[in-house]
Amino acid sequence: MTLHEAEAGLVEHYTALVRLAYLTLPPSLSRHRRVLTAHGLVQRALPGFRLRKSAPRVPAQRPGPTRLGPERLGPAWVRERVLRAALAYERRPRWWPKGLPPPRALRPMLPVVWGLRLFPRAGGREEIALGQALSGLSADVRAAFVLSRADELPDVQVRALLEAAGAGRPDRSLRVARQLDAPAVAAAQTLLRSAEFNACSVQTRPTDLLRRRQRYRLAGAVAAVVAVGALVLTATGSAPDQRLARPAVGQVTAAGLVRVPRTEWADTSRVDFTAWPPRGGRAGDRDLLDRALTTWSRPPRDTRITRTPGTFTGPPPYGTQLLYAGEVDGDAVVLLHDGLRTVRYSEPLSPGGHATLDFARTDSSDVTTAAALVVSRTYGAARYLTAPWIAASATRDLLRPDVPARPVRISAEGITEPLRGPAATSPDASGPCASWPALQLRSSARIVEQHTFLVTDLGGHVPAHLTYTPLPGGGTPTRQPREATGTAALTSWARTACHLAGLPEDVRAVNVWDFAGHPLPEGAGQAVWSCVRADTWRGPGEVSVRFTAPGAAPRVVARERSTAACSRFGQHVVASTGWRAQSGHTYLLAAGSRAVTGIEATGAVRASAAGRTLAVRAPANARAQVSARLTGGGTLAEVGHSAED
């Protein structure tokens, strides 16, 4: 291989090499520094090149074809050099102390850019999705993702490149990269090859266009002030207030926040967080908003940060929207939304406290899931900021369905009075569960007529939407969930509310589906089988099947995670449980949903029955496997068959 071949390969594939380096580098770097570092790694791939003396050796196999045709020796060698440098960027020498970043002397020198900040064009929601997908991955996996998804190299060549570049476990890295098949990642693949996301096509911003000359003239004075300040800090042992930090150039500022007109929610078909106007007494306080955005971009060490599972905590993108800024319960609170996330920033009004950041994923919200946000929590109570389309609010106890809902006072800004949280400590009602408050909201007639629905607090700052699907029969369609405000829905939720204590805080909606009524043996009455499905904002859901016999507390008989069961994509279900009659006889009971035409039990109990229910005498604690036959053919395994109850 000649130096000319390597140079030709670098020039021909320069854009793809910069993209590979840019996405492999740590996401913690600023976009400006990642751009410069990526270009520096590619441009420094040639220095140190030495011609190797020819030596007789066994000819190697030719690499397979790629979308660029047969891989030539020059481009392949340059790609390996760039990848090796990018993977080594965040590694530390063995002798370097743990917890400290690698020494700057071991990092590549950057191209010098005075007076400008560089960053790729904003890719919108797709860029956020890509950053969210890659943020928790190692550099090896990020590199495998780019090589296999963007460059479309075959797996054999990706493994060889990773191994040659010093990756520890190339097979595992490629396998993890191949498993990222979420819709957000699919959209990000298009972004990777688009003109908008190109680390060689960058935008520039001045570091400080208006005051640059004054800063040069006052450089001596500034140096003196800094020296005096350092002496004062040394003497007092105090540190500057991090909340007074100003936004960095190129960062989203208060002036760049999106502010939706106050009446847009009534004139749009997209009724979600994007239709919220800015509210609050400090919505015009640019200093507060800049502190919130600066803390979001570069959180000080003493900032308390929380996030729901799977939520990206990267800096605010252009197009971030202001929802609220005001003072609530002794804190200054700012609520922001960027299309995928809702971020809550708060700082105490009195000195001595620390700022907090709460991240929650809220993409694809709607009129119900974007109806309220928790704006403050104090002493076990929460205040909600309700959506502009909410016309009336009330609170009710789910454990007392016969007690009418109590109206809730709401301020002119849309903030509710403090509402107590659930007084529950057991997810299965085996411990104390005294009450479970829910917020009952009604939408304005300007967007929908008398649309009343329930939401409840699960610990995050986005409450979960509660729905209900009734038992089949009665001549009305029951396939789709409906609002949990009717008598049957409230009765069913009274048996289920305490189950909510075991759910994570990123749950978007919970539906109770009473899928079967079961006449019990020995004339013991009618039992009800219910499937409780909790869907998260990330997509995966979890279900639990509950069996409720007359005069007995509900009992969880099956659980399953990351399943489509009991949803619009899994409309068929069958479950089983053991049951003891008052006579002392024990039975195996099973029931299925509407499309079940027969049930069969195998294992320790062998029995079958036509229809949607089965009841057969069985030894106590007998383990049996239950399956169902469906209308039109096909079989169905019971929920949680492989899970331990």
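Each residue takes its place number in the sequence, starting with 1.
Pairing each heavy atom of R286 with each of A255, the nearest pair is NH1-CB, 3.8 Å. A pairwise comparison of heavy atoms in Y14 and H39 identifies OH-ND1, 2.7 Å as the closest pair. Taking every heavy atom of both residues into account, V510 and A534 meet most closely at CG2-CB, 4.2 Å. Across H499 and S544, no two heavy atoms sit closer than the pair CE1-OG, 3.1 Å. Contact detail for L289 and A325: the closest heavy-atom pair is CD2-CB, 3.9 Å. In plain terms, the two heavy atoms of V543 and A565 that are nearest each other are CG1-O, 3.3 Å.
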Passes side-chain contact (heavy atoms from CB on, under 4.5 Å), D366 versus H465? Steps please. CA-CA 11 Å; D366 56 27; H465 179 210; 5.7 Å; no
Apply the test side-chain contact (heavy atoms from CB on, under 4.5 Å) to residues L458 and L500: give CA-CA distance (whole Å), side-chain angles for both, the deciding distance (0.1 Å), then the verdict. CA-CA 7 Å; L458 295 183; L500 295 171; 4.0 Å; yes
Stepwise side-chain contact (heavy atoms from CB on, under 4.5 Å) test for L340 and F312: CA-CA 9 Å; L340 286 179; F312 180 49; over 6 Å; no
Run the side-chain contact (heavy atoms from CB on, under 4.5 Å) test on R169 and D140 for me, step by step, so that the C-alpha distance in whole Å, both residues' side-chain angles and the decisive distance to 0.1 Å come before the verdict. CA-CA 8 Å; R169 301 171 64 183; D140 298 351; over 6 Å; no
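With a 4.5 Å cut-off on side-chain heavy atoms, E542 and L503 count as touching. No side-chain heavy atom of D331 sits less than 4.5 Å from a side-chain heavy atom of S376. Using a 4.5 Å cut-off on side-chain heavy atoms (C-beta onward), S173 and L162 make contact. Here the side chains of W537 and T308 are not in contact, with every heavy-atom distance at 4.5 Å or above. Side-chain contact between D338 and P316 is absent, with no heavy-atom pair separated by less than 4.5 Å. Residues R533 and T563 have side chains in contact (heavy-atom distance under 4.5 Å, counting atoms from C-beta outward). Between C531 and E560, every side-chain heavy-atom pair lies at or beyond the 4.5 Å cut-off. For the pair R508/T536, no side-chain contact is recorded, criterion being any heavy-atom separation below 4.5 Å from C-beta on.
One distance of note links CZ of R568 with CG of D535; it measures 11.0 Å at 0.5 Å rounding. For the atom pair CG (L293) and CG (L288), the distance works out to 9.5 Å, reported to the nearest 0.5 Å. Note: T37 OG1 to Y22 OH = 10.5 Å, rounded to the nearest 0.5 Å. Atom CZ of residue R304 and atom CG of residue L357 lie 12.0 Å apart, to the nearest 0.5 angstrom. Atoms OG1 and CZ, from T303 and R298 in turn, are 11.5 Å apart once rounded to the nearest 0.5 Å. For the atom pair S138 OG and R172 CZ, the distance stands at 6.5 Å (nearest 0.5 Å).
Judged by distance alone, the side chain of S297 and the main-chain N or O of T294 form no donor-acceptor pair under 3.5 Å. When atom types are taken as modelled, the side chain of R270 and the backbone of A275 share no donor-acceptor pair closer than 3.5 angstrom. With hydrogens and angles disregarded, no donor-acceptor distance shorter than 3.5 Å links the side chain of Q43 to the backbone of G40. Judged purely by atom type and a 3.5 angstrom limit, T24 has no side-chain atom pairing as donor or acceptor with the backbone of A21. A distance-only check finds no donor-acceptor pair linking the side chain of W296 to the backbone of R291 [under 3.5 Å]. Panel note: side chain R361, backbone T311; no donor-acceptor pair is recorded below 3.5 Å.
Counting non-hydrogen atoms of other residues, nucleotides and ligands closer than 6.0 Å to CZ of R561 gives a total of 12 or fewer.
Looking at D358 and T306, their side chains do bring a donor and an acceptor atom within 3.5 Å of each other.
Just one of T342, L322, L385 meets the side chain to side chain contact (heavy atoms under 4.5 Å, CB included) condition when paired with W276; it is L385.
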